[in-house]
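Only one structure is covered here, and it is reproduced in the block below.
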Amino acid sequence: MKAAEFADVLDAVRRFVRTEVVPREEEIEEADAIPAEIRRAAAEMGLFGYTLPEEHGGLGANLTEDVHLAFEFGYTTPAFRSMFGTNNGIAGQVLVNSGTDEQKQRWLPRLAEGAVAAFALTEAEAGSDPSGLTTGARRDGDGYVISGTKRFITNAPLADLFVVFARTGPEARGTKGISVFLVEAGTDGLRVGPKDRKTGQAGAWTAEVVFDHVRVPSSALVGGQEGAGFGEAMKSLVRGRVHIAAICVGMAQRLLAESVAHAQSSRQGGQPIGEFQLVQAMLADIQTGAYAGRAMVLEAARNYDSGTDRKIGPSAAKLFCSEMVGRAADLAVQVHGGLGYMRGVPVERMYRDARLFRIYEGTSEIQRLIIGRALVRDGV
Ligand SMILES: Cc1cc2nc3c(=O)[nH]c(=O)nc-3n(C[C@H](O)[C@H](O)[C@H](O)COP(=O)(O)OP(=O)(O)OC[C@H]3O[C@@H](n4cnc5c(N)ncnc54)[C@H](O)[C@@H]3O)c2cc1C
């Protein structure tokens, strides 16, 4: 995106998040839903396709631009970014990276306008290690028949399109023989379960997705090529990790703002608690973590965009920032004292919301394995 154009988008997003979404966080939490007018406004701002190519109706943001936006999205409920996160991230990027021209022309403009794509990889025994997935896609005439069950699929209850990973090869497990398909919502045999009851991130929905002999044409095979699915999933997830790290930084910044405001206004022993040095130390630790995370994310995004590091940087940023925001949320609750344990107080909600970041798009353990393995294999 041109620098001036991007500055306008960033400014509009920042204002929208702070004036329209932040004041409605409690309503989103209670209703477990994003209000329709927020969704409409996000679509009008181009947020459903801000990383998708301009020629297909998106805003064409690179990862460096993406993380600047994500710092702003992270400042409010993660449900806001989750609404369009799969379009721009894990699901949309599969199409951008490997879709045929026909697949891109058919889907990307619709996604950019506000349709929703879900990324369906995880299964009961294939989470951290998706090479264990057992959903199968059997060739049948001029198409495929997909059978299997996916779980924890973000946006499944809203999705118009499912990007589905299924085994086309004869192997029972392993990274080979996995392919990726585009399955339209409403296709016969595709069933979305009730939304999951989660710890946090209310307003962002996940659900089980069952494929019961779902027939799709050959044109649904992404890139027209069997066996490329595992690589596609990994490529999409790497980019997503830097984005998630940036969301964590945004949330840490918000936790800091809430904590500083509380420390300045709440009093004990006749003085603001912010005058106690032990409280100041907690604020200093939140600030330092957010600052380090921000620097790391910007470096990881730059190296991703230039192609110099698409392995260690993204995993290191996701590992550090998701752990960092967990500590920041814990400290923010502590700064708030008993109030920090009460429903309706933003840091209490964020304490629950933050927990997910260490789990999805690769747990902290998996990030450590990726980093460690790359170091031993390639040296430093
Ligand atoms: C709210 C939410 C949204 C999600 N959205 C999506 C989505 O949109 N699409 C999608 O496909 N998936 C999605 N997921 C799934 C998510 O990516 C997985 O939950 C995650 O990757 C962990 O897999 P798992 O739950 O199977 O846990 P497991 O893999 O069973 O992990 C359990 C524990 O074992 C550890 N572990 C596992 N393997 C190893 C190993 N080799 N070495 C050391 N430790 C290991 C893990 O780190 C973890 O601590 C979502 C999950 C949640 C909770």
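Everything numeric in this text was worked out from a predicted model, so none of it was measured.
At least one donor-acceptor pair under 3.5 Å links the side chain of Trp205 to the backbone N or O of Asp32. In this structure, the side chain of Asp160 engages the main chain of Val116 through a donor-acceptor pair within 3.5 Å.
Hydrophobic clustering, with ILVMFWY side chains joined whenever heavy atoms are under 4.5 angstrom apart, keeps Ile146 apart from Val94.
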Query - salt bridge (charged side-chain N to carboxylate O under 4.0 Å, His left out) evaluation trace for Asp66 with Arg239 - result: CA-CA 10 Å; Asp66 183 343; Arg239 193 183 198 282; 3.3 Å; yes
Query - Worked check of salt bridge (charged side-chain N to carboxylate O under 4.0 Å, His left out) between Glu25 and Arg349 - result: CA-CA 10 Å; Glu25 285 170 351; Arg349 188 184 64 242; 2.5 Å; yes
Query raised in the report: Given the rule in the salt bridge (charged side-chain N to carboxylate O under 4.0 Å, His left out) test, do Lys2 and Glu54 qualify, once you have shown the distances and angles that lead to the verdict?
Result: CA-CA 12 Å; Lys2 290 198 188 77; Glu54 286 169 285; over 6 Å; no
**Report entry** Derivation and outcome, salt bridge (charged side-chain N to carboxylate O under 4.0 Å, His left out), residues Lys198 and Asp196
**Finding:** CA-CA 6 Å; Lys198 308 192 307 320; Asp196 299 320; over 6 Å; no
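Looking only at atom types and distance, the side chain of Ser98 has a donor-acceptor partner in the side chain of Glu232 under 3.5 Å away. Using a 3.5 Å distance cut-off with no hydrogens or angles, the side chains of Thr134 and Glu125 do not pair a donor with an acceptor.
Contact between Leu256 and Leu283 at its shortest, heavy atoms only, is CD1-O, 3.6 Å. Listed here is the closest heavy atom pair of Gln367 and Ser315: OE1-OG, 2.8 Å. Residue Thr122 comes nearest to Gly127 through the heavy atom pair CG2-CA, 4.0 Å, listed as atom of the first residue, atom of the second, then distance.
Between Phe165 and Phe119, the distance from one ring center to the other falls under 6.0 angstrom. Taking the centre of each ring, Tyr50 and Phe73 come in below the 6.0 Å mark.
Between His68 and Phe71, the angle of the ring planes goes over 60°, which puts this pair in the perpendicular group of the 30/60° scheme.
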